[in-house]
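Reviewing the structure listed below.
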Amino acid sequence: MAIAVSQAGPVAAPKRHSQFYLGWKRFSKNYFAVAGLVWVAIFFIVGIIGPWIAPYSYKDADFLAMHTGPSWKHLFGTDTVGYDVFSQILFSIRYALEIALGATCVSFVIGVILGLWAGLAGGIADVIIMRGVDFMFALPSFFFALILVVLLGKGLGPMMLAIGVPGWAGYARLIRSLVLSMRNGEMVEAARALGASQSHIAFKYMFPNVVGSMVVSLAFGIPYDLTAQAGLSIVGMGLNPPMPSFGNMLAAAGENILGFPWLLYFPAGIFAITLLSFLFVADGLQEAFSPKGGM
Amino acid sequence: MPSSPLLQVEEVSKRFRVQGRDLHAVEKVSFQLDAGKTMGLVGESGSGKSTLGRLVLRLLDANEGRILFDGKDITSLSPKQMRPLRRDMQIIFQDPQASMSPRMTIGAAIEDAMAIHNIGTKAERQKRVDELLERVGLPTVVKYAFPHELSGGQLQRVGIARALSLNPKLVICDEPISALDVSIQVQVIQLLQELQKDFNLTYIFISHNLAVVEYLSDQVAVLYLGEVVEQGPAEELFANPTHPYTQVLLQSILKMPDDTEKRQALTSIQGEIPSPFNPPSGCTFHPRCPFATDVCREKKPERKVVGNQHSVTCHLAN
Amino acid sequence: MFFLRFLAKRIVAIIITLAAVIAISYIMMYASPGGFMSTTQIATALAPLAAQDPVAYQKVMEQFQQRYGLNLPLWHQVLLYIWHSFTFNFGNSMENPSITIMSQLKSALPISVILAFASVVVSVVVGIPMGIIAALKRNTWIDYTVTTLSMFGQAIPSFVLAVIFVLIFGVVWQNVLPVTGWGTFSEAILPVISLAAGNIGVVARYMRGSLIETMRQDFIRTAKSKGVKYWPLVFKHGVKNSLTALITVIGPQFAFTVVGTVWVENIFAIPGLGKVINTAFTNFDFPLAITAVFILGATIMVTNLVVDLIYAWVDPRVKLQ
Amino acid sequence: MAEALLAIDDLRVQFDRGEDEVFAVNGVSFSIAEGEALGIVGESGSGKSVTLMSALGLIRENGKIKSGTAKFQGHDLLKMRPRQLEDIRGRDIGVVFQDPMTSLNPVMRIGDQIMESMLTHQYAGRREAFERTLQLLHEMGIPEPKARFRNYPHEFSGGMRQRIMIAIALACEPQLLIADEPTTALDVTVQMQILALLQEQRQKKRMSIAIITHDFGVATNFCDRIIVLYAGQIMEMADTRQFLRQPAHPYTVGLKNSIIEIGQRDRQLSPIPGMAPTLTEPPKSCSFASRCPFATERCRSELPALREISPNHHVACHRAEEVLAHAI
């Protein structure tokens with residue numbers, strides 16, 4: 001009797017569903033995350049074109065219209081010196097993004113380099129780098145940022161460094177643990193058995209499998225750095241006035257709140273929604289792409 | 001003069017340093033394996049059988065001893081020098097899912113093995129992937145699938161195809177069937193058998209399943225706590241199991257009886273495998289051995305030849 | 001003894017880390033443009049003198065440098081500073097040379113400690129039940145409400161919340177709750193809530209996730225197979241196992257809370273350590289700034305040690321090392 | 001045959017996987033008699049665990065019981081309120097799970113885990129429960145019960161943990177013990193010890209045992225009766241003797257032939273082709289037909305019923321008689 005079955009049994013027609021595709025499908029079902037992504041996208045666009053659409057420069061105070069409420073002339077009102085709040089917010093978004101992205105990049109680059117070094121080299125390098133990580137975790141990185149602001153000053157670049165440099169430890173620890181778990185895993189062992197070189201293993205096997213976790217950690221890092229930047233302003237160590245920033249606006253609003261609540265509505269609202277959106281996106285990415293979120 | 005064996009393992013030992021303590025994973029193991037033959041390594045968990053397999057492939061470095069492949073000492077070759085040799089020695093893992101990148105399609109995974117060694121053009125490699133998949137009994141469309149879309153049995157076939165893609169001489173099969181269902185196990189065993197015949201492959205077959213090892217192997221080594229307690233030709237060893245541990249293992253297998261009257265009594269030796277951190281003195285098996293004497297407790301037994309190439313590491317053997 | 005050796009090792013590690021914190025902060029501040037002499041108030045006060053009588057100015061400067069040990073080699077200054085810190089001999093602040101740093105700390109530190117601990121306690125007391133309820137009512141509106149609220153809490157920094165509270169209770173509902181000062185219970189409510197909101201979010205979300213994960217474990221099925229009733233199952237097996245995981249996030253969370261106190265104290269005008277840090281950094285009052293960082297670091301590290309001890313006590317699998 | 005202790009009738013269980021549904025158990029009926037040792041054998045995904053676990057309310061949330069009854073001493077477990085079922089679990093029915101590593105609560109002393117069952121069911125007071133726990137540990141072959149009482153699971157070896165699992169299951173002297181792959185995670189020498197322990201306890205306590213296993217060696221040496229499951233259906237159900245002498249379902253025959261045993265070096269392998277299906281719709285024809293060497297048009301279009309081809313020998317195959325004739 002003929003057996004019309006292949007040895008391995010029927011295989012469903014492959015659907016070519018890569019992990020990325022499946023993750024994206026899960027992400028797009030998370031409405032909060034999608035909404036967050038839309039806001040983040042708007043935030044980025046405004047950050048890029050903000051200076052061109054701003055009706056006023058952040059430096060031009062309208063002394064004839066100090067602390068006026070929202071009107072057609074000044075959409076979000078003016079502050080105590082006569083700056084247009086709407087324009088200030090547009091510029092704030094730009095600076096906030098510049099600093100947060102710059103700082104996150106700085107942390108990330110240092111963290112990835114040191115994390116890879118610790119994980120791949122092992123031995124004494126690993127011990128030293130991990131001691132450094134322990135050291136950074138002993139104090140909140142915000143305090144290191146404070147001290148760095150003293151050293152570097154309050155410009156855009158210095159802010160990026162002050163917030164970015166102390167943030168490396170988290171990334172380094174993550175990368176190292178990913179590298180270690182994979183280095184001792186069967187996938188890398190199999191690749192070694194095939195005769196793959198170190199760089200081939202790193203780029204073709206390890207990298208595609210860590211990129212998801214790295215993106216997720218970056219997504220969590222950006223809102224953290226946005227918060228840190230505003231937090232520095234709260235204690236008077238933020239971006240140098242008159243450069244506008246959410247932190248400065250919030251700090252100022254806190255002091256002048258009694259008569260002019262609009263100074264708070266818009267900056268606080270936009271800032272809060274932005275942070276929330278970033279968190280929704282980060283959380284959505286984590287749930288959609290982390291290994292646990294799989295099944 | 002007979003040609004030299006494909007693989008010679010001489011007095012190989014491996015220790016792991018775990019939290020400041022030495023774990024003796026493999027202790028002074030020696031064996032030889034001719035081309036086209038199968039060596040079976042059996043033992044319970046913690047016996048060091050998988051470690052031994054990795055030592056042979058130089059995926060781990062031995063602390064002592066020598067490994068000769070095709071007459072060439074590979075013990076101290078650098079990773080770079082090892083790389084071209086990897087074409088000749090491959091491994092099949094117990095958990096094929098864990099051994100594959102979840103982000104690579106099946107086709108890419110098999111092709112990558114060839115790409116690493118610059119074998120053929122892209123098109124030639126693609127063609128070879130199709131051939132290999134067909135050879136291991138899979139439809140060629142699976143090359144577009146990702147590992148998570150296949151069943152355990154199918155993935156193991158992919159693992160075999162990947163190992164075969166380099167035309168190896170030696171293949172280490174590390175518990176290749178123990179994660180599979182019974183009906184799939186036989187399929188894979190049959191496939192391994194056919195491939196061995198077709199490509200004159202040499203196998204090291206690692207398993208805790210004595211019956212399968214007996215079925216597939218020409219030579220067998222029984223490991224306990226990293227040491228070979230008995231080794232020899234499969235037929236001879238299973239006909240004359242001499243070491244008490246081998247005997248116990250054989251008695252512990254529940255065979256399907258012919259009838260209910262012929263059922264096995266459920267008796268077994270007491271105790272469990274001791275911690276490899278703290279192996280017992282003398283013969284490591286003495287705390288569980290029904291025949292242990294004082295000398296077993298104190299002195300490490302020597303290897304004794306008890307038959308044609310059949311050796312036993314036991315004081316009581318003669 | 002094993003436990004004592006562990007403790008000794010950790011304490012030594014804390015001391016070394018703190019010494020390093022002091023050294024690095026000191027060197028960085030030393031290296032900052034203008035160094036210690038850019039100190040705003042003193043520099044302004046002495047500017048006329050420098051112009052009128054350079055000799056007298058030089059003398060004052062020397063006195064000043066001697067007083068703060070600035071004439072010594074850098075390594076000596078650093079060591080001296082470390083030694084002084086560990087002997088709690090912090091010296092005087094630069095901004096207000098007449099008062100000792102110790103006296104400032106004496107009034108400020110307890111306030112911040114109470115604020116931080118109160119908010120951690122509140123977040124645990126509120127967050128854990130929220131997390132448990134969300135986990136047990138998974139995928140119901142209760143769960144969605146809790147998770148969404150937690151996300152809000154987690155995303156919105158304490159200072160934004162604090163400013164919003166100031167607006168609400170300072171402008172809209174005046175005289176319901178005080179928005180400045182410290183001392184009475186009602187004055188503590190808003191700062192503690194501002195600080196706790198984020199932690200509640202983290203604790204609740206973590207508790208939820210961890211409990212859901214735990215309730216899927218095999219040993220829960222074993223407990224069910226024993227006939228263990230629902231609530232004992234949830235609490236004795238589920239929650240207890242989830243808590244071990246939760247403890248690991250409370251340590252880092254405490255560090256964030258400490259940062260939060262710095263912000264919140266500024267907004268609610270609370271005379272705590274945060275306010276001290278604020279004035280110290282804005283006025284470039286280095287001795288004060290370094291001391292404050294030292295005290296905060298010590299608090300955080302000791303808290304982390306305590307958390308680790310609790311962790312080892314709760315989870316028998318954890319080995320202290 | 002003695003009276004049925006547990007009688008499962010036409011049980012159907014489905015799992016919701018989001019995009020589709022898996023038909024895990026499709027109309028399974030059998031019973032366990034008092035004092036009987038029943039072996040439920042099948043490969044992964046055959047529904048062997050799900051069948052009994054769903055009767056006890058121990059399947060995952062996405063599993064739904066669609067129909068059927070599971071009468072334990074005449075009372076339908078599937079219709080009970082959770083509280084009633086809780087009273088039966090652990091007291092009348094004990095369960096031993098496969099992986100002793102994950103099946104014990106890691107942060108609870110093992111003594112307390114054993115006592116918990118007795119205290120929950122008010123089987124014994126605190127003092128007696130403690131004494132009985134020591135007694136149980138001793139019976140299970142755990143040395144120094146008093147000292148070990150206070151240990152945590154991670155301080156035991158796999159075999160010892162499985163002994164603790166058994167002690168938990170036996171604490172309230174249940175009438176039925178369900179052992180779900182109790183030895184799969186263990187080494188062979190330890191597997192033997194655990195089976196011997198179960199055998200001894202069964203004889204001493206005169207309880208029924210249902211062993212769920214994929215291992216014919218375990219089932220045939222241990223059990224009085226054997227059920228073979230495939231794709232959530234019973235393929236064959238027979239006394240062990242009949243099962244050994246006259247397997248009548250092609251799947252059973254194929255599976256038995258798939259087992260390589262000691263001393264079979266020269267044997268020719270004849271694997272069952274293909275692999276077991278995961279049913280995403282209810283079976284309308286024989287689920288095994290696509291892998292069966294005897295399959296006919298009828299097998300591919302008509303669902304074979306489970307029928308009694310000789311006393312106490314049930315087979316779900318259109319061609320069982322022919323298989324039997326061929327096999328003999």
Side-chain angles (χ1 to χ4, degrees), chain A residues 32 36 131-132 134-153 170 223-224 226-228 230-237 246-247 249-251 253-255 257-261 263-265 267-269 271-280 282-283 292, chain C residues 13-14 16-18 20-21 24-25 28-33 147-148 151-152 154-164 166-167 170-172 179 205 213 251-252 255-260 262-264 266-268 274-275 277-279 281-282 284 286 289-290 292-293 296-297 300-301 304:
Chain A
F32 283 113
R131 278 290 127 81
D134 288 345
F135 175 77
M136 297 305 294
F137 274 106
L139 265 186
S141 47
F142 184 76
F143 290 121
F144 291 107
L146 265 181
I147 296 168
L148 277 172
V149 171
V150 172
L151 179 69
L152 302 171
Y224 180 84
L226 280 173
T227 308
L232 282 172
S233 301
I234 296 292
V235 294
M237 301 296 281
F246 282 106
M249 292 165 88
L250 288 173
E255 285 161 25
I257 207 140
L258 292 174
F260 328 109
L263 293 185
L264 181 62
Y265 291 149
F271 190 55
I273 293 172
T274 303
L275 290 179
L276 199 60
S277 299
F278 270 108
L279 194 67
F280 278 137
D283 199 63
K292 264 188 194 162
Chain C
I14 288 178
I16 293 175
T17 314
L18 278 175
V21 167
I24 289 178
S25 341
M28 285 209 297
M29 292 191 173
Y30 190 89
S32 65
T147 5
T148 314
M151 287 288 262
F152 273 87
Q154 208 182 330
I156 299 171
S158 50
F159 56 81
V160 173
L161 214 53
V163 185
I164 293 172
V166 171
L167 172 72
V171 179
V172 187
V179 291
R205 263 159 58 84
E213 186 64 36
F256 285 120
T257 309
V258 167
V259 173
V262 177
W263 297 331
V264 167
N266 274 292
I267 290 162
F268 289 108
K275 200 74 195 160
I277 286 187
N278 185 10
T279 45
F281 273 95
T282 43
F284 295 94
F286 301 111
I290 293 174
V293 170
L296 286 176
I300 289 168
M301 279 182 258
N304 279 337

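Lettering of chains follows the sequences in order, A, B, ..., and the numbering in each one begins at 1.
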Which bit of A:Phe278 comes within less than 4.5 Å of chain C, counting heavy atoms only: side chain, backbone, both or neither? neither
Under 4.5 Å to a heavy atom of chain C? For A:Phe32 that would be side chain
Please determine, among C:Val259, C:Ile300, C:Val262, the option with the most heavy-atom pairs under 4.5 Å with chain A. C:Val259
Is there a side-chain contact between A:Pro140 and A:Phe143, using heavy atoms and a 4.5 Å cut-off? yes
Go through the atoms of A:Asp283 and report whether side chain, backbone, both or neither lie under 4.5 Å from a heavy atom of chain C. side chain
Look at the side chain of C:Trp263 and the backbone N and O of A:Gly231, then say whether any donor-acceptor pair between them is shorter than 3.5 Å. yes
Pick from A:Val149, A:Thr227, A:Thr274, A:Leu276 with the largest number of heavy-atom pairs that fall under 4.5 Å of chain C: A:Leu276
Checking heavy atoms, do the side chain of C:Ser158, its backbone, both or neither come under 4.5 Å from chain A? neither
Quick check for you: among C:Asn266, C:Leu161, C:Ile16, which has the greatest number of heavy-atom pairs under 4.5 Å with chain A? C:Asn266
Beyond-backbone contact of A:Phe271 with C:Pro157, side-chain heavy atoms, under 4.5 angstrom: yes
If you compare all heavy atoms of A:Met237 against all heavy atoms of A:Val150, which two are closest, and at what distance to 0.1 Å? CE-CG2, 3.7 Å
With side chains defined as the heavy atoms from C-beta onward, is the minimum distance between C:Ile277 and A:Val235 less than 4.5 Å? no
The interface call for A:Phe135 against chain C, heavy-atom contacts under 4.5 Å, is both
Go through the steps to decide whether A:Leu275 and C:Ile156 satisfy the test side chain to side chain contact (heavy atoms under 4.5 Å, CB included), and finish with yes or no. CA-CA 7 Å; A:Leu275 290 179; C:Ile156 299 171; 5.7 Å; no
Checked A:Ser141, A:Ala230, A:Pro267, A:Pro223 vs chain C; the most non-hydrogen pairs under 4.5 Å come from A:Ala230
Taking the side chain as every heavy atom from C-beta outward, state whether A:Leu139 and C:Val21 have any pair of such atoms under 4.5 Å apart. yes
Not counting sequence neighbours, which residues clear side chain to side chain contact (heavy atoms under 4.5 Å, CB included) with C:Ile14? List them please. C:Leu18, C:Met301, C:Leu305
Heavy-atom pairs under 4.5 Å with chain A: which of C:Leu296, C:Val293, C:Asn304 has the most? C:Leu296
C:Phe152 portion near chain A, given a 4.5 angstrom heavy-atom threshold: both
